[in-house]
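Let me begin by presenting the structure, written as structure tokens, before commenting on it.
Only a predicted model underlies this, so the values are computations on that prediction, with no experimental measurement involved. Letters A, B, ... mirror the listed sequences (proteins, then strands); counts begin at 1.
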Amino acid sequence: VVICTSLVNMFAKCGNLKQAHKVFVQAPHPDIVLWGAMISGYVHQGQDYKALELFANMQDKGLVPDCFTYSCILKASGNVTALKEGMEIHNQIVTQRLEWDKVIGSTLVIMYMKCGTVEEACAVFDSLPDRDNVLWSSMIAGYVQHGRGVPALELFIRAQKDVARPDKVMYTSAIKACASIGDDPSHGRLLQEHIIRIGLDQDEAICNALLGMYSNLKSLKDAEKIFEGMQGRSVVSWNSMIATYAELEHAHLSFELFKKMQQEGLFID
RNA sequence: AUGCGGAGGCCUGAUGA
């Protein structure tokens with residue numbers, strides 16, 4: 001069954017769900033890990049309803065979910081905004097006393113945020129004693145998605161004091177928060193200065209996020225500065241800059257950059 | 001024993017509200 005689990009995982013992650021399922025149904029002595037691999041596979045491939053269905057089947061067979069299965073299924077519930085199912089699963093988690101698990105905690109927050117229930121997400125967040133980078137950034141990103149940039153930034157400030165070392169993802173979440181705050185670039189500039197100070201200013205994801213931020217803030221000059229200051233520009237950065245020109249009504253510059261991109265021999269997708 | 005089968009947050013983009 002261990003080998004089969006590994007095979008299910010491999011086939012599913014490669015996108016071959018048929019083959020994964022075939023191994024899954026033939027596996028001897030199916031256990032919770034095997035089911036977890038299959039459920040995870042469906043979620044990975046965006047088949048969230050299939051995953052929920054499988055989760056129900058698993059419980060009908062008398063198998064008790066563990067942290068891994070719960071985190072997968074909460075992700076699936078969030079993806080399809082199945083709030084009712086998500087809350088039922090949450091209750092079940094509490095009865096099993098697994099609600100303090102780190103991964104469970106952040107997937108609960110993500111699920112509630114995706115379902116539009118910010119209050120529920122906050123309640124979970126507040127109840128957790130240990131908050132890591134993932135939890136904080138999930139929370140910040142959730143607020144941003146609901147257009148609440150100011151509270152998102154306030155969270156970021158708290159997060160910086162709470163966490164040992166804020167990581168890249170946390171900074172990109174904070175950048176997005178700044179981007180979502182109207183047309184006021186001051187927060188964004190301060191954050192950028194900080195990012196330069198800690199030496200993260202050549203990280204590609206960070207640069208792309210900053211570029212996008214200045215684009216949102218309609219500050220073309222700043223966006224160009226970021227783009228030009230980048231060492232390794234990927235297709236993403238080019239697309240970002242081209243889109244920025246287009247959005248800020250510089251169709252000509254947008255096209256010029258597109259041509260330049262082709263000259264540099266980059267793949268256009 | 002944070003290792004030896006499965007789990008969590010991040011970068012641009014599509015004709016449109």
Side-chain angles (χ1 to χ4, degrees), chain A residues 1-13 20 23-24 27 29-44 51 54-55 58 65-76 78-79 98 101-111 113-114 121 124-125 128 131-145 159 163 166-177 179 200 203-213 215-216 223 226-227 230 232-247 254 257-258 261 266 268-269:
Chain A
V1 68
V2 173
I3 304 278
C4 286
T5 303
S6 216
L7 284 170
V8 166
N9 188 41
M10 179 192 76
F11 284 127
K13 293 280 153 61
V23 176
F24 171 72
H29 316 296
D31 62 6
I32 188 68
V33 182
L34 199 240
W35 281 82
M38 193 65 242
I39 292 171
S40 155
Y42 279 123
V43 179
H44 196 88
L54 208 62
F55 179 74
M58 184 189 86
D66 62 6
C67 290
F68 284 68
T69 11
Y70 279 130
S71 57
C72 282
I73 212 63
L74 284 171
K75 186 176 183 180
N79 286 344
L98 296 176
D101 181 84
K102 258 165 54 172
V103 178
I104 298 271
S106 40
T107 45
L108 276 170
V109 165
I110 294 162
M111 185 274 292
M113 283 294 192
K114 283 195 175 161
V124 172
F125 178 82
L128 294 169
R131 294 163 191 163
D132 65 4
N133 271 299
V134 176
L135 180 61
W136 278 107
S137 357
S138 306
M139 204 59 195
I140 295 169
Y143 268 105
V144 173
Q145 273 163 18
V163 100
D167 67 6
K168 283 182 203 170
V169 179
M170 183 132 126
Y171 284 111
T172 59
S173 305
I175 293 168
K176 282 182 174 175
L200 238 44
D203 180 84
E204 207 207 316
I206 296 276
C207 285
N208 288 334
L210 284 169
L211 209 171
M213 176 187 78
S215 177
N216 267 332
I226 299 285
F227 183 72
M230 288 179 76
R233 284 171 215 148
S234 69
V235 183
V236 175
S237 327
W238 283 88
N239 285 347
S240 227
M241 195 64 233
I242 291 170
T244 301
Y245 280 131
E247 272 159 29
S254 183
L257 198 63
F258 174 72
M261 184 178 172
L266 275 137
I268 314 280
D269 68 3

Expressed in whole Å, how much space separates the C1' atoms belonging to U12(B) and G8(B)?
24 Å
Is any side-chain heavy atom of Asp203(A) closer than 4.5 Å to one of Tyr171(A)?
no
Between the protein and nucleotides 6-8 of chain B, are there any N/O to N/O pairs under 3.5 Å, and if so, what are the atom names and distances?
from	atom 1	to	atom 2	distance (Å)
G6(B)	N1	Asp66(A)	OD2	2.8
G6(B)	N2	Asp66(A)	OD1	2.9
G6(B)	N2	Asp66(A)	OD2	3.4
A7(B)	OP1	Lys13(A)	NZ	3.2
A7(B)	O2'	Ser71(A)	OG	2.9
A7(B)	N3	Ser71(A)	OG	2.7
G8(B)	N1	Asp132(A)	OD2	3.2
G8(B)	N2	Ser106(A)	OG	2.6
G8(B)	N2	Asp132(A)	OD1	3.3
G8(B)	N2	Asp132(A)	OD2	3.4
G8(B)	N3	Ser106(A)	OG	2.7

For Val2(A), does its backbone N or O pair with a side-chain atom of Ser6(A) as donor and acceptor, under 3.5 Å?
no
Round to the nearest Å and state the distance from Ile3(A) atom CD1 to C4(B) atom C1'.
13 Å
Closer than 3.5 angstrom, by distance alone: can the side chain of Thr244(A) be matched with the main-chain N or O of Ser240(A) as a donor-acceptor pair?
yes
Any Val33(A) side-chain heavy atom under 4.5 Å of Val1(A) side chain
no
Roughly how many Å apart are C11(B) and G6(B), using the C1' atom of each and rounding to a whole number?
28 Å
C1'-based separation of G5(B) from C10(B) [nearest Å]:
28 Å
Inter-nucleotide C1' distance (U2(B), A7(B)), Å rounded
15 Å
Applying a 4.0 Å non-hydrogen cut-off, can you work out what Asp167(A) is touching in the nucleic acid: base, sugar-phosphate, or nothing?
base
Quick check for you: to the nearest 0.5 Å, what is the distance between Leu135(A) atom CG and Ile140(A) atom CD1?
9.5 Å
Does Ile226(A) reach the side chain of Met241(A), with side-chain heavy atoms less than 4.5 Å apart?
no
Can you give one letter per nucleotide of nucleotides 10-17 of chain B, 5' to 3': B if a protein heavy atom sits under 4.0 Å from the base, S if only from the sugar-phosphate, - if neither?
BBB-----
So does Ser6(A) reach the base of G5(B) with its side chain, donor to acceptor, closer than 3.5 Å?
no
What is the minimum heavy-atom distance between Met111(A) and Gly78(A), and which atoms define it?
CG-N, 3.8 Å
Contact class for Met139(A) vs. all strands (heavy atom < 4.0 Å): base, sugar-phosphate, or nothing?
nothing
Indicate the atoms forming the closest heavy-atom contact of Ile32(A) with Pro65(A), along with that distance.
CD1-CA, 3.8 Å
4.5 Å side-chain heavy-atom contact, Trp35(A) and Phe24(A):
yes
